[in-house]
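For reference, the structure discussed in these notes is given below.
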Amino acid sequence: AAMTSLDVDGLRAAGHYTSSTTSLAMLLRGLERAYGYGKRAPGTSSSHSDAVVAVDRRGNVAAFLHTINASDYWGSGLFVDGVSISNAGCWAQWHISQAGPDRRLPTVLNPTIVTRQGRPVLASSSIGVGVFPDSFFSLVDVLVFGATPQGAVDDPAFLQPDFGTGRVVHQAAWGDFSRALLDGVRSRGFSVNEIYDDAWRYAGQWIGISIDAATGVLSGATRDEWNGLAMVQECRGCIRRPTGRRGPPPPDTSRAGSDD
């Protein structure tokens, strides 16, 4: 919902969100629209997750996220044959009440594969409390402003908002965005707090691999705060288009992952 609601041409014309009040306001408005059904209940977090994206030399792509989706390290504290049981039914009471009986619960988890003319050009995933804003900002950076995955990782993103007041209060790490920029979006009606200590607790950890449609060159990046790793095993010619010959699948040529 956040991506499809964007005015891409207007966003490009306004300039990058790290320097344009108009662009940043457009992204925050997109987040607020999505939070209408996808927000996390106040005061909750998640731990013990990992995200992996991979591309092989034929251009096959996988993106996934594995998580217990719990509010602490071990979920309920109960284990069955060494597997911990999630306590999502505890912290997700707000979601359960909003969804109603016999309905699927909404989620902000978003492993993503982007295609152009039927071919993958980007695969990404993310973990952490701020998974949704971090993914949203990173995807906009790559797909709208043409950043590489490394550029998207290096650029700042907003954190998980504070919903404790009954409204969306956006949060950013202190110093990530200029004071003039934040004051500019505040003047447009957005509530924004800066977090000085422990901002990482509200952050997301986005990873991604882009595929150049013309050359097949792969570009991958991941944040290193939570044991992230971007790896290329082989990139001579990178992606080889299918020739029609059958045979065993070739090894992966690029893989990125992050876990907490």
Side-chain angles (χ1 to χ4, degrees), residues 2-4 6 8-9 11-20 23 27 49-66 109-128 131-157 203-259:
M3 291 295 294
T4 56
L6 283 179
V8 174
D9 291 335
L11 196 60
R12 288 194 179 113
H16 198 269
Y17 59 82
T18 55
S19 58
S20 167
S23 286
L27 296 190
S49 306
D50 57 71
V52 176
V53 297
V55 182
D56 69 18
R57 70 178 65 188
R58 295 181 186 272
N60 298 309
V61 174
F64 68 89
L65 168 67
H66 178 265
L109 308 180
N110 46 35
T112 302
I113 296 176
V114 180
T115 63
R116 288 177 183 157
Q117 297 181 341
R119 292 189 179 277
V121 294
L122 177 68
S124 70
S125 191
S126 184
I127 61 173
V131 53
F132 182 63
D134 192 49
S135 296
F136 182 47
F137 273 67
S138 297
L139 289 171
V140 167
D141 216 356
V142 174
L143 300 176
V144 177
F145 293 109
T148 63
Q150 185 63 57
V153 165
D154 291 339
D155 282 337
Q205 301 291 323
W206 183 84
I207 64 173
I209 299 175
S210 65
I211 308 166
D212 189 294
T215 65
V217 171
L218 307 177
S219 176
T222 179
R223 303 187 191 280
D224 58 6
E225 291 94 336
W226 291 351
N227 302 324
L229 173 67
M231 178 176 62
V232 175
Q233 292 181 337
E234 179 184 350
C235 197
R236 183 176 299 174
C238 291
I239 293 177
R240 301 176 184 177
R241 300 303 180 193
T243 62
R245 291 177 294 180
R246 295 174 180 255
D252 291 349
T253 58
S254 181
R255 182 170 56 192
S258 182
D259 70 83

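Since the structure is predicted, the reported quantities are computational estimates derived from the model, not experimental observations. Computed over heavy atoms, backbone and side chain alike; hydrogens, waters and symmetry mates excluded.
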Shortest non-hydrogen pair, A63 vs I113, comes out as CB-CG1, 4.1 Å
What one should report as the nearest heavy-atom pair of S219 and P149 is O-CG, 3.2 Å
Can you name the nearest heavy-atom pair linking I207 to V53, along with the distance?
-> CD1-N, 3.9 Å
Nearest heavy atoms of V142 and T148, plus distance in Å = CG2-O, 4.1 Å
I127 and D50, any side-chain heavy atoms less than 4.5 Å apart | no
Closest heavy-atom contact between S138 and A152?
-> O-CB, 3.9 Å
D154: what forms a side chain to side chain contact (heavy atoms under 4.5 Å, CB included) with it, not counting sequence neighbours?
-> Q150
Give a yes or no on whether R116 atom CZ has more than 12 heavy-atom contacts from other residues, nucleotides or ligands under 6.0 Å away.
-> no
Looking at residues at least two apart in the chain, or sitting in another chain, which of them share a side chain to side chain contact (heavy atoms under 4.5 Å, CB included) with S23?
-> L11, A14, Y17, S20, F145
D141: salt bridge (charged side-chain N to carboxylate O under 4.0 Å, His left out) partners, not counting sequence neighbours = none
Any side-chain heavy-atom pair from F137 and L27 closer than 4.5 angstrom?
-> yes
Under the side chain to side chain contact (heavy atoms under 4.5 Å, CB included) test, which residues partner S124, sequence neighbours left out?
-> T112, L139, W206
So which heavy atom on P120 is nearest to which on V61, and how close?
-> CB-CG2, 3.6 Å
Contacts of S135 meeting side-chain hydrogen bond (donor to acceptor under 3.5 Å, both in side chains) (sequence neighbours excluded), chain-then-number -> N110
